[in-house]
Amino acid sequence: MDSRIEELPGLRFENLIYNPRNILVDIVNMTDRNVLFGGTMVFLDRYGHPLASARLLPKKVERNAVKRYTGYFIEGSGEMARRAVRVTWDFGAR
């Protein structure tokens with residue numbers, strides 16, 4: 001599963017690896033500026049119901065670069081997230 005990140009133009013995620021308690025994901029910054037990125041990945045089923053959520057702590061992603069993140073599940077597990085058909089992002093208050 002890989003996709004662009006809706007609220008942040010120029011960013012996308014790829015290479016999602018599921019573990020029981022955490023995930024590994026690459027965040028790709030295709031812009032010409034450095035970005036501080038962090039948030040919660042919400043894994044949804046085909047009806048839009050959340051299956052799992054994983055928190056990614058803020059890190060700097062340099063311009064035109066890829067950064068490997070470890071996200072920790074705050075709800076659900078890697079097995080539940082693997083069944084998701086879509087991912088949305090929650091960045092909290094900005």
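One-based numbering along the sequence shown. All values reported here derive from a predicted model rather than from experimental measurement.
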Can you give the donor-acceptor pairs under 3.5 Å from side chains of residues 32-51 to other protein atoms, not counting sequence neighbours?
from: Asp32; atom 1: OD1; to: Asn64; atom 2: ND2; distance (Å): 3.2
from: Arg33; atom 1: NH1; to: Thr31; atom 2: OG1; distance (Å): 3.4
from: Asn34; atom 1: OD1; to: Arg63; atom 2: N; distance (Å): 2.9
from: Thr40; atom 1: OG1; to: Arg55; atom 2: NE; distance (Å): 3.2
from: Asp45; atom 1: OD1; to: Tyr47; atom 2: N; distance (Å): 2.9
from: Asp45; atom 1: OD1; to: Gly48; atom 2: N; distance (Å): 3.0
from: Asp45; atom 1: OD1; to: His49; atom 2: N; distance (Å): 2.8

Is it true that, when you exclude Lys59 itself, more than 12 heavy atoms of the residues, nucleotides or ligands shown sit nearer than 6.0 Å to its NZ? yes
Nearest 0.5 Å, please: how far is CG in Asp90 from CD in Glu7? 8.0 Å
State the CD-OG distance between Glu14 and Ser3, to the nearest 0.5 angstrom. 11.0 Å
Note: with side-chain heavy atoms under 4.5 Å as the link, the other cluster members for Leu24 come out as Ile17
Interatomic distance, Ile5 atom CD1 to Trp89 atom CH2 [nearest 0.5 angstrom]: 4.5 Å
If the test is side chain to side chain contact (heavy atoms under 4.5 Å, CB included), which one of Ile27, Val28, Asn29 qualifies with Arg12? Val28
Heavy atoms of Ala52 and Gly76 approach each other most closely as CB-CA, 4.0 Å
Does some side-chain heavy atom of Phe13 sit less than 4.5 Å from a side-chain heavy atom of Val87? yes
Applied to residues 64-76, the salt bridge (charged side-chain N to carboxylate O under 4.0 Å, His left out) test, sequence neighbours excluded, yields Asp26-Arg68
The reported gap from CD in Glu79 to CZ in Phe73 (rounded to nearest 0.5 angstrom) is 10.0 Å
Using a 3.5 Å distance criterion without hydrogens, assess whether the side chain of Tyr72 forms a donor-acceptor pair with backbone atoms of Ile23. no
Is the shortest side-chain heavy-atom distance between Phe91 and Leu8 below 4.5 Å? yes
Under the side-chain hydrogen bond (donor to acceptor under 3.5 Å, both in side chains) test, residues paired with Arg83 that sit two or more places apart: none
